There are 2 protein chains.
Amino acid sequence: MGIQERKGREKEQRREGILQAAERVFFEKGLQAATMDEIAEVAELSKGTLYLYYKSKEDLYLAVMLRGMSILTDMCRQTVAHGSSPIETIVRLLDTYYEFFNKHRQYFRMFYFFNNPTLHTQVTDEMRAHCNQHNQRIWSVVIDVFVKGIEEGMLRSDLSPVELGIILWFSIHAMLMRIDNESEQWKENMGIDLVDLREKQAALLLDAVATPEARKRYPHLFKIAQPTIAS
Amino acid sequence: MGIQERKGREKEQRREGILQAAERVFFEKGLQAATMDEIAEVAELSKGTLYLYYKSKEDLYLAVMLRGMSILTDMCRQTVAHGSSPIETIVRLLDTYYEFFNKHRQYFRMFYFFNNPTLHTQVTDEMRAHCNQHNQRIWSVVIDVFVKGIEEGMLRSDLSPVELGIILWFSIHAMLMRIDNESEQWKENMGIDLVDLREKQAALLLDAVATPEARKRYPHLFKIAQPTIAS
DNA sequence: CATAATAACTGACCGTTAGTCATTTATTAG
DNA sequence: CTAATAAATGACTAACGGTCAGTTATTATG
């Protein structure tokens, strides 16, 4: 009897429908201002039903966010697949994150959720585990490139691949967050364009982690003057 | 008649009392879980009275946060005042932020508030202006040092002092945030100690912004091997 | 001192919303 | 056709931020 399977599919469709409704509302209003009642209305279901599929508003929010992480992961995988050398791939990965930031701003903003664990009161352990899993997935993509970069002598080897990846990724992410939130202030108060600065930051960081061999081999990737040459 | 002045003082004391009560509760519970009723109880006032002094829960939260910013600003001023050279002062400033992070973790966490503007629904323009003001204050302290560093030829001059300051400060802040929130995960999943990594990051960044002159003059401040020498 | 005027404070109340659960409706099995 | 099971509902609860009519305390006035 295929009834079991059909039921399973239908349940999956419900979950998916709820997810889409939630995405629309969360994108428009954000976590705080979105209400379960509105999501239920958009999903054309009663609120009670939402709770049959997701344990809490926050779980539902994270379920949407996981889609964003999947998109980012796919984009990074693409970049890695099409990249030629590790050093070039790293440059492209930084741009990929920026591209994701621009194309999927709403998803990017959902990542902020993790910045404030005080708010994580209603996240189930199960969902937390899911997030962890997705997170590891994307990091493994990124770190692989750094491993190869070190192997080929293109990246400094006094730091581990993971360490290098963390330093670059954290820094870029931080800048994107500020671009999202504080661009206007920096422009007005200091005359600084954070979007321009992001590029400079990327160049500076690349320069800081690359070896002289890398600079020799891929001079076009190094846009910033080496201060060591200056004097 | 000094009645006006006395009244003014008393009002100020009320504000201060409310602030202290709010601090206790916010530190213990965080923005979300803290309730105005509990703050009122701790302050030994009715909830209505709180709203005579602060326009919203979020305004009150930010008022507490501003104390944290003042502490950080003072610590940075101290560091700058006692520092000898700009390059050394920069190293010390990075440590100062880390010291603040350790000694005043609860204040540091309040800074997260700005990471998620979706939540800023109840902040008054007045309070926002206050925050802006305090923010500029601390940045001016930091940036001054970078100005001097460039003037003395100790910092690369292809980026402006503000740009250099932003890149370093953002990166360090991002790392501290992760240390606060994700230390365990990184330890478990990847065997990475983010506290150790913070030092390496600081060293790497310092190295990226300093000139060869600086390295020559203050060799003890540069703990990371220059990859340029490697080959 | 008595009384009016003003300022400070109170807490019951309101609107909103996340989450629950007894009940109803739809589906499947016998 | 009926019982059993699964799915969906929406009225209800509890909690909380914010309000405001009314009370209390303080100051000014005659």
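Here is how names work: the chains are called A, B, and so on, in the same order as the sequence lines, proteins then strands, and each is numbered from 1. None of these values were measured; they are calculated from a predicted model.
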Send over the distance from [X] [atom1] to [N] [atom2], rounded to a whole Å.
X	N	atom1	atom2	value
B:D37	D:dC16	CG	P	8 Å
B:E41	D:dG17	CD	P	14 Å
B:I39	D:dC16	CD1	P	12 Å
B:Y51	D:dC16	OH	C1'	9 Å
B:M36	D:dG18	CE	P	6 Å
A:E10	D:dA7	CD	P	9 Å
B:Y53	C:dA8	OH	C1'	7 Å
A:E44	D:dT9	CD	C1'	15 Å

- Query: Taking for each residue the nucleotide of DNA chain C bearing the nearest heavy atom, is the 5' side occupied by A:Q32 or by A:G48?
  - Reply: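 So the residue in question is A:Q32.
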
Report yes if a side-chain nitrogen or oxygen of [X] is closer than 4.0 Å to either non-bridging phosphate oxygen (OP1 or OP2) of [N]; otherwise report no.
X	N	answer
B:T49	C:dT10	yes
A:K47	D:dG10	no
B:Q122	D:dG17	no

- Task: May I ask you to check whether B:Y112 and B:H173 place their ring centres under 6.0 Å from each other?
- Result: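 Between B:H173 and B:Y112, the centre distance exceeds or equals 6.0 Å.
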
- Options C:dA18, D:dG18, D:dT9, nucleotide nearest the side-chain atoms of A:K57: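 That would be C:dA18.
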
- B:S56 has a side chain; which of C:dA8, D:dG18, D:dA7 sits nearest to it?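 Among C:dA8, D:dG18, D:dA7, the one nearest the side chain of B:S56 is D:dG18.
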
- Charged N to carboxylate O below 4.0 Å: is that the case for A:E38 and A:K29?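 The answer is yes: the pair qualifies as a salt bridge.
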
- Basic-acidic side-chain contact under 4.0 Å: A:K55, A:D125: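 The answer is no: the pair does not qualify as a salt bridge.
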
When we call it a touch if two heavy atoms are under 4.0 Å apart, what does [X] touch: a base, just sugar-phosphate, or nothing?
X	value
A:A34	sugar-phosphate
B:L45	sugar-phosphate
A:A43	nothing

- Item | Residue closer to the 5' end of DNA chain D, B:T35 versus A:S46 (nearest nucleotide) |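 The residue whose closest nucleotide sits nearer the 5' end is A:S46.
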
- Query: Could you walk me through whether A:E28 and A:R24 pass the salt bridge (charged side-chain N to carboxylate O under 4.0 Å, His left out) check?
  - Reply: CA-CA 6 Å; A:E28 194 187 337; A:R24 257 180 62 189; over 6 Å; no

- Query: Where does the angle between the aromatic ring planes of B:H104 and B:Y107 fall among parallel (under 30°), tilted (30 to 60°) and perpendicular (over 60°)?
  - Reply: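 Correct class here is tilted.
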
